[in-house]
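In what follows, every chain begins at residue 1, and chains take the letters A, B, ... in the order their sequences are listed.
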Protein chains: 2
Amino acid sequence: MRPHQKEDSRLKNVTIVDVAEAAGVTAMTVSRVMKGYKHVSPKTREKVLRVAGEMNYTVNMTARALVTGQTGIIAVITEHLNHPYFANLIHHLELQLASQGYVMRLLYTDEELDSLVHSTKSSAVDGIIVAGLHGRVQEYLRRRTDESQPCVFISPESFSEADYIRIDFRPALTEAIQLMITAGRKRIAYVGIGTLDFPHQMLHWEGRPSTYRDEMEKAGRRVELIGVNPSIEIDSPARIEALKDYFQTNGCPDGLVCFHDEIALHVFRALTDLGYRIPDEVMLVGCDDLPFMKFIEPPLSSIAEPMAEICALAWKFLQMRIAAPDLPLQCATITPQLMVRKSLLA
Amino acid sequence: MRPHQKEDSRLKNVTIVDVAEAAGVTAMTVSRVMKGYKHVSPKTREKVLRVAGEMNYTVNMTARALVTGQTGIIAVITEHLNHPYFANLIHHLELQLASQGYVMRLLYTDEELDSLVHSTKSSAVDGIIVAGLHGRVQEYLRRRTDESQPCVFISPESFSEADYIRIDFRPALTEAIQLMITAGRKRIAYVGIGTLDFPHQMLHWEGRPSTYRDEMEKAGRRVELIGVNPSIEIDSPARIEALKDYFQTNGCPDGLVCFHDEIALHVFRALTDLGYRIPDEVMLVGCDDLPFMKFIEPPLSSIAEPMAEICALAWKFLQMRIAAPDLPLQCATITPQLMVRKSLLA
DNA sequence: TTGTATGCGTTATCAC
DNA sequence: GTGATAACGCATACAA
């Protein structure tokens, strides 16, 4: 009984040594051929390739990674993919990575931060793209144990400790609000994620809500915040009921700025149920420009991020960082574009 | 100058041996502690854990994988994630895998089949879930080199060479068509992916279109197939224009069955633009029950797959197969449910 | 309960 | 251009 033969289950995989023996060369030579190394005679290269093909040999990436320290894996930290925005982001990232022969390891942000750090440590991945830790980024950076691990952030925030792509919604949001003001709208409210009781908490968000507040103050208007519950389920009847309650109790604003398109969709449904006409009685704008927005009747306005560009840039930054760890900090600001549709037209 | 110290770039990672030395034990003991092995004295366990924590030690999964042959990685082969159906599928799979400590490696089906096979071979992953090779499954199975690698399919088709979850749309689709017939609709057409010139090619699809054809024949109705171009972009103005052309040229059917919800959305837009009233003049049903369907005015009917259930089952099958490679073939059929909304109500 | 020897499949390094 | 040797970091098998 030969030892180490694993006769119990399936056969051993064919290794580089097997190929070497069959081809009458050394493992090193096979290795060189598999990596496309130049200094091998055409004769041996051809033979090795032929034999490897016949034996159905595949390089064991695990073993290679152990010695080279490079895995060809990029970890992507994202929010739940049932949110179309993040699904689209991951989609474009995947296309970028695949074009360079990398594969993606998907990680959700609802794991413990320590667990996230752990999953990406110890040369298990060549780099990290963080696209969904808004609000917990500082905490995450603090817990990172391997500072040298390449890491790029995609975020509405900007910060000084890491490479990042910043998405700046301020110009587009300002433009939308100005459109409403120009159209003579008097009562412009913001619908964001928060609670109806303490809607002002949402202003702690560095990004969109504060832009709204600034614009309101600049125009001398009253700030009106409508908070809807955060919800893992995209489809939330409770949200719609809450919105209808709000509009029935407080009357309806004549301009509504929504944190993102799903909320805009819920608002649309609530308004439609109550018989309000868009845009005659209420103007409406969302954010992210999800595909369905333009199909609604009337077509709903939104703010479109150039996702392909964002992801290409993030991947470029990460590749640069991998190639040159000591590169100075890289950053870029992307400015999304307001898509004006009927819901914003006077 | 000490050899192997890599002074050029960052310091070496702390290994199991470093921890062992610092804790005054052997590497083996540290290994046992890290794996939660029972037969270690509480004293040493505690000390090792403390030291490991202080030294910020993390198990190198690559090295572990090399010797155990298990990576904790599951490959998932899917269509592009900008399609909400697949994004939702991946979402639920991710939740399942993460709950068991596995991570997901994302692979897109538009790579070469050989490339897919290659990426999952050689013990690089513990198992595979295939969720988007419809129509190329046979070819994929033929090219698999490592038959023993656990692999589960999620598919509208059923087959005998591998474990699978089959999604059977026939009952729900039949129900929708019967609703239209009962409502007195005379001209019921199917809108699928194909070409306007050769729409009958879509009947080659084993699933939904053939169900439609069967029901039409059973009812003695004429089969009317409307083909829209396949499109990587979800948002396709060309499709809408083509649909409007079709309806203007041929008149509009009074019942429309759509291959999936995006097509239903495009049809909705085309009908709305042309002034047709839903459901009075045209009844409409889609497939996949994407979240926006119920928000459209009027709310659009669809067919809802129980995605959480599907993914839980697929993951269960895969785990079973991993644990017992010689298990008999596993299969299950899931029956989605028709969501009747205003677009189907007489 | 703990330690010793050995191998997992590959590549880096230095010879030849 | 090719080969020999020694790691990479960890776990299995067995001994103590």
Closest nucleotide among D/dA13, D/dC10, C/dG9 to the B/Leu66 side chain: C/dG9

Separation between CH2 of B/Trp315 and CG of B/Leu93, rounded to the nearest 0.5 Å: 9.5 Å

Nearest-Å distance for atom pair CE/P, residues A/Met34 and C/dT11: 9 Å

Set of ring-ring contact (aromatic ring centres under 6.0 Å, His included) partners for B/Phe159, sequence neighbours left out: B/Phe153, B/Tyr164

Options D/dG9, C/dA5, C/dT2, nucleotide nearest the side-chain atoms of B/Arg32: C/dT2

Summary of ring-ring contact (aromatic ring centres under 6.0 Å, His included) pairs that have at least one residue in residues 20-43 of chain A, sequence neighbours excluded: A/Tyr37-A/His39

Closest to side chain of A/Thr44, choosing from D/dC10, D/dT2, C/dT1: D/dT2

Given DNA chain C, 5'-ward residue of the pair B/Pro42 and A/Ala63, judged by closest heavy atom: B/Pro42

Pairs touching residues 57-76 of chain B that satisfy ring-ring contact (aromatic ring centres under 6.0 Å, His included), sequence neighbours left out: none

Touch class at under 4.0 angstrom, heavy-atom based, for A/Thr15 against every strand present: sugar-phosphate

Pairing residues for A/Glu112 by the side-chain hydrogen bond (donor to acceptor under 3.5 Å, both in side chains) criterion, not counting sequence neighbours: none

Set of ring-ring contact (aromatic ring centres under 6.0 Å, His included) partners for A/Phe86, sequence neighbours left out: A/His83

Rounded distance in Å - CD (A/Gln70) to P (D/dG9): 14 Å

Length of the CG-C1' vector between A/Asn13 and C/dG7, whole Å: 16 Å

Rounded to 10 degrees, the angle between the two terminal axes of the helix from C/dT1-D/dA16 to C/dC16-D/dG1, each from five pairs: 30°

Under 4.0 angstrom between A/Ser41 side-chain N/O and D/dT2 OP1 or OP2: yes

Distance below 4.0 Å between A/Thr68 side-chain N/O and C/dT10 OP1 or OP2: no

Gap between atoms CG and P, on B/Asn60 and C/dC8 respectively (whole Å): 18 Å

Distance, nearest 0.5 Å, that separates CZ of A/Arg105 from CD1 of A/Ile73: 4.5 Å

Atom-pair distance (CD on B/Glu21; C1' on D/dG9), nearest Å: 14 Å

Sugar-phosphate, base or nothing in reach of B/Tyr37, heavy atoms under 4.0 Å: nothing

Euclidean distance, atom CD1 of residue B/Ile16 to atom C1' of C/dG3 [Å, nearest integer]: 13 Å

d(CE, B/Met28; P, D/dC14) in whole Å: 14 Å

Rounded distance in Å - NE2 (B/His39) to P (D/dA16): 20 Å

